[in-house]
Every structure is written in structure tokens, then in C-alpha cells.
Amino acid sequence: MSPRSSSPPANASRSFNGPDPLNLRPLLLTWYLKNHRQLPWRGVDSDYKVLVSEFMLQQTQVATVLPHYERFLTRFPNMVSLAQATEEEVETAWSGLGYYRRARALRNAAQQIVSDHEAEVPTDFEDLKALPGVGDYTAAALGSIIHDEPYAAVDGNVMRVLTRLFGIEDSISNTSTQVKLRALAQELLEPEQAGDWNQAMMELGATVCAPKKPLCSVCPWEEHCVAHAKGIALDLPKKAKPKATVEVHRIAGVLLEEGRCLLTRRTEKLLYGTWELPGLDLDSPEGARERLREHLEHKLGVEVMVGNPLARVRHSITHHRIQVHGYAIKTNPKPRNKKNERIWASPGDVANLHTSSMTIKLLNAIAKLKG
DNA sequence: ATCCAGGGCT
DNA sequence: AGCCCTGGAT
């Protein structure tokens, strides 16, 4: 056994062992300035645009966000227009993006920014975190990108970069690991260029330090990366096992009349409040027809006849695997529109309602059938 | 068809 | 710790 107690770690002032920030920083920043993607919210002098982009980018990848971002900005061009919009208007503009709570939070955040911060995204970390829908990550992203405040932003990309760079094999599902990674990110941060630094970390994670196909040969940190040296990059980050999936059968009634389809408001927790074809969620498809008939007669208050299955689509939400069964329905008499509950919607109307991708998929399947 | 990426709230 | 959505990769 060789004695090792006599030599303290070279980086004793830091909470981690491994590459030195002073070496790492210029490598990443140079790489970023040369290689980053041109995105519509990058390099703009608009706190509002950054705010909208950060909310959309929560749990959502750039490619998915892009088309929604442009539409949303056209619809709500500035902080005040968003603050003054109704919840319904904002949800509609958010349709298809998912995690609809974010749309409501964003509107509420805009209202708070207008009323408490003179319509400008605040600078102080606690003020940022006090905004609805803003947690540690988003507060740091907004503060650094808009105001160049030295807050380290740690999202999933950054956690992947850090666990690989330092060869951290603890599960990132543990809160304690996340705390450790945030501290690490804060020490690594280039405090003079926090906005570029955070975006560089995320850009590296998104484009080079990818989950399945890391492009180590073009990584500015290749020679410093512990996981790369050990050949375990693909094994990191470690995370907890996902929950088992639950089967859900959505039994929906297709009421068609002169090119219009009857939609009602969803009352189940999943996708709550979105407009959809009327029906019910079941654990199994047993007795679907009869259950649907009872449900619709109760819900619509008319006599209901359930016909043939018209279409079937699949949709997965988190750990729910949903099979949507659409049955042809005849009623007597025809149910009437009812404000905020029932609407006979043309395809054009559907675009102006708060819907989910599940419903759009089913409507598309039916439209294809009918030609 | 399945797997998996991606933050905040309660 | 459990819950929420969509789409791209495989």
C-alpha cells in the first residue's frame, strides 16, 4: 500500500475532483460561439421572447417547439398582450405542445411580471422563482440569458454533460445527486458570460453529448471527459426505472352532422379541460358499446344508438398507453350546442379550440375514412 | 410498435 | 414520490 494521505487533492478548494474549470471554460465557449444553432430566441434583445421560449422548452425539444413558438408570438407579440389574454386563448395557442399547465402558468407569470415588475422579467433569483411555472432551472436560464446573472442552469442536457464529464455514476433521479450537480455546475460556470455559458452547456448536451449517439470526436472536452476515458459515456447518466405502463381504453362517440363533429370538454385529470369526442376512459374494452351508450345518454340527455367501430388510434401519455376507439353514433334528437360544454365543430373550428394531440389524431383518422 | 427525452408542482 | 404530454429514434 502506498501512502496517499500526505498529498491533498490538487483542487482542494473545489468540491469535486477532475478537470479544472479554468481549462474547461474557454474550450466550451469557443466551441459554442463557433458551432451553436441559430434559434429564433437566441441573440434577441427581448426578455419576453426568452420567457416564452423557456416555458415552451420545459420538457420539450427544440424541433417540437419551433412551429408553436412562431405561431404563439404572432398571436401574443408582447408581455402585455399575453397578460391581457384569456386563459382559453392562451391554451388554444398552446394546443399540441403538451403539458398544458405550462400555458396557464406562462399567462399567470406574464400577469405577475406586468403588475409587480413593470412588465420586465425580473433579475433577482427569488423573484424569478416566485413566478408560476418557474423552478430552479428556468429561474437560472432566465436570469442568465436575459440579464447575464451568474446562475447555473441545470436541465437534463446539463446533467448528462456533467455526469459524463466527471464520471458521476449516482442516479440523477435522486434529489441528492441533483443538488450535487447544481453545485458542480455553479463552480464550473463562467460568471462573466453566464448566458452564453449556460446555453453552451445545454447546446453541447443537445447536439454533441447526445443520449444515444454521443459525438465524442467533435466534443471540445473529449480529452477531459472521465466517462469517455473509461468508455462508459453511453451508460450515463444513470436514472431510476420508469413506472410500469397502464393500459387505458378511451371509448369515444363519433357524432357527425354536415361535416361537423360533436366535441365536449374532457373531465378526466389527464388532458383535463381539452375539447375531445365525448366518451369515457375504461381499464379494459369489455362492454365498451353498452358503457358508451349509458354514458352518452346521461351526458347528452338524448336517445343514443351505438354503431360500428369507425377508427382506432393509439396515444401514449407518460406511462399511460391509451387506445382510442371511435364508434359511430346516432341520436334522437340531435344534441344542441351548450356553452363551454358541447360544440358542433367544423375542422376550422377545431383549430380555434383547446385540444390535445390525442383528439387531433382521432379526428384525422375519421376524416381520412370519410374522405 | 416501443422507448425515451425533457422541469415543475403537489 | 407521483403526476403531466408529444414526437423523434430505433
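To find a chain, count down the sequence lines: A is the first, B the second, and so on, and within it residues start at 1. This one's a predicted model, so the numbers in the text were calculated from it and none came from an experiment.
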Take the protein atom CG of A/Leu106 and the nucleotide atom P of B/dC9, then report the distance between them rounded to whole Å. 13 Å

Please work out if A/Ser356 contacts a base, only the sugar-phosphate, or nothing of the nucleic acid, heavy-atom cut-off 4.0 Å. sugar-phosphate

A/Asn157 side-chain N/O to B/dG6 phosphate OP1/OP2 under 4.0 Å: yes

For A/Lys239, answer base if it contacts any base atom (sugar-phosphate contacts may also be present), sugar-phosphate if it contacts only those atoms, and nothing otherwise; contact means non-hydrogen atoms under 4.0 Å. sugar-phosphate

Hey, does A/Ser357 reach any base, or is it just sugar-phosphate, or nothing, if we go heavy atoms under 4.0 Å? sugar-phosphate

Taking atom types as modelled, is there a side-chain donor on A/Glu88 or A/His354 under 3.5 Å from an acceptor on the other? no

When you compare the side chain of A/Leu29 with that of A/Glu190, does any pair of heavy atoms fall below 4.5 Å? yes

Sidechain N-carboxylate O distance under 4.0 Å for A/Glu192, A/Arg25: no

Within the structure shown, what part of the strands sits under 4.0 Å from A/Arg160 by heavy-atom distance: base, sugar-phosphate, or nothing? sugar-phosphate

Can you tell me if the side-chain N/O atoms of A/Lys212 get under 4.0 Å from OP1 or OP2 in B/dC3? no

Whether A/His315 contacts C/dT6 is assessed here as follows: a side-chain N or O lying under 4.0 Å from the phosphate OP1 or OP2. Is that the case? yes

Is any side-chain nitrogen or oxygen of A/Arg101 closer than 4.0 Å to OP1 or OP2 of B/dG8? no

Respond yes when some side-chain nitrogen or oxygen of A/Arg102 is under 4.0 Å from OP1 or OP2 of C/dC4, and no when none is. no

When all nucleic acid strands are considered with a 4.0 Å heavy-atom cut-off, which category describes A/Tyr99: base, sugar-phosphate, or nothing? base

Taking atom types as modelled, is there a side-chain donor on A/Gln58 or A/Arg102 under 3.5 Å from an acceptor on the other? no

For A/Glu120 and A/Tyr48, which I'm curious about, is there any donor-acceptor pair between the side chains at under 3.5 Å? no

Between A/Trp94 (CH2) and C/dT6 (C1'), how many Å, whole number? 13 Å

Can you check whether A/Phe72 and A/His68 have ring centres sitting under 6.0 Å from each other? no

Reckon A/Pro242 touches a base, only the sugar-phosphate, or nothing at all at heavy-atom distances under 4.0 Å? nothing

Check the phosphate of C/dC3 against A/His320, side-chain N and O only, distance under 4.0 Å to OP1 or OP2. Yes or no? no

Let me know the distance between CD1 of A/Ile322 and C1' of C/dC3, rounded to the nearest Å. 14 Å

What is the distance from CZ of A/Arg321 to P of C/dC4, rounded to the nearest Å? 17 Å

Whole-Å distance between C/dC5 P and A/Ile360 CD1? 15 Å

Proximal nucleotide (of C/dC3, C/dC5, B/dA1) relative to the A/Lys269 side chain: C/dC3

Calculate the interatomic distance between A/Glu247 atom CD and B/dT2 atom C1'; express it in whole Å. 12 Å

Toward the 5' end of DNA chain B, which comes first, A/Asp136 or A/Ser316, by nearest nucleotide? A/Ser316

Of the options C/dC4, B/dG7, B/dA1, whose atoms approach the side-chain atoms of A/Thr318 most closely? C/dC4

Pick the nucleotide of DNA chain C nearest each of A/Gln61 and A/Gly98; which residue has the one closer to the 5' end? A/Gly98

Please classify the nucleic acid contact of A/His68 as base, sugar-phosphate, or nothing, using heavy-atom distances under 4.0 Å. nothing

Among the nucleotides B/dA5, B/dG7, B/dT2, whichever has the atom closest to the side chain of A/Asp155 is B/dG7

Counting only side-chain N and O atoms of A/Tyr100, is one of them less than 4.0 Å from OP1 or OP2 of C/dT6? yes

C/dA9 C1' sits how many Å from A/Leu234 CG, rounded? 14 Å

Trace of the side-chain contact (heavy atoms from CB on, under 4.5 Å) decision for A/Lys299 with A/Leu280: CA-CA 11 Å; A/Lys299 181 162 187 157; A/Leu280 71 172; over 6 Å; no

With a 4.0 Å cutoff (strictly under), does any side-chain N or O of A/Lys243 reach OP1 or OP2 of C/dC3? yes

For atom CG of A/Leu57 and atom P of B/dG8, their distance in whole Å: 11 Å

